[in-house]
Amino acid sequence: MLNPAIGKLIENYDNRYRLVTDIAKCARKVSTEAEKREEILIEKPVSIAINKLASEKELI
């Protein structure tokens, strides 16, 4: 199960497609940055992206 719940994240978006594309873009950015720094990610980039987007939406 994803934490935070997708139901909570979708409340901040007008549709699910936009949410998925934002998560994918953020996950690619996380992955690219980790590769540049030669860092090994313990958590999957998608999980990191979901948590990052959730924390950004809580601040707004």
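Just so it is clear, the model here is predicted, and its values are computed rather than measured.
- Ionic pairing of D22 and R18 is present here: one or more N-O contacts between side-chain nitrogen and carboxylate oxygen are shorter than 4.0 angstrom.
- Note on L19: it does not cluster hydrophobically with V30, by side-chain heavy-atom contacts below 4.5 Å among ILVMFWY residues.
- Rounded to the nearest 0.5 Å, atoms CD1 (I42) and CD (E39) are 8.5 Å apart.
- Rounded to the nearest 0.5 Å, atoms CG (L9) and CG (N12) are 7.0 Å apart.
- Under the rule for a side-chain contact (heavy atoms from CB on, under 4.5 Å), the partners of K52 that lie at least two apart in sequence or sit in another chain are C26, E56.
- Counting heavy atoms of neighbouring residues, nucleotides and ligands inside a 6.0 Å radius, atom CD of E11 exceeds 12 of them.
- Of the possible polar contacts, one joining the T21 side chain to the Y17 backbone as a donor-acceptor pair under 3.5 Å is found.
- Put simply, CG on L41 and CD on E33 are 10.0 Å apart, with the number rounded to the nearest 0.5 Å.
- Minimum interatomic distance between A49 and A27 (heavy atoms only, all atoms of both residues): CB-N, 3.6 Å.
- To the nearest 0.5 Å, the span separating CG on N15 from CD1 on I10 amounts to 7.0 Å.
- Residues forming a side-chain contact (heavy atoms from CB on, under 4.5 Å) with E43 (at least two apart in sequence, or on another chain): S47, I48, N51.
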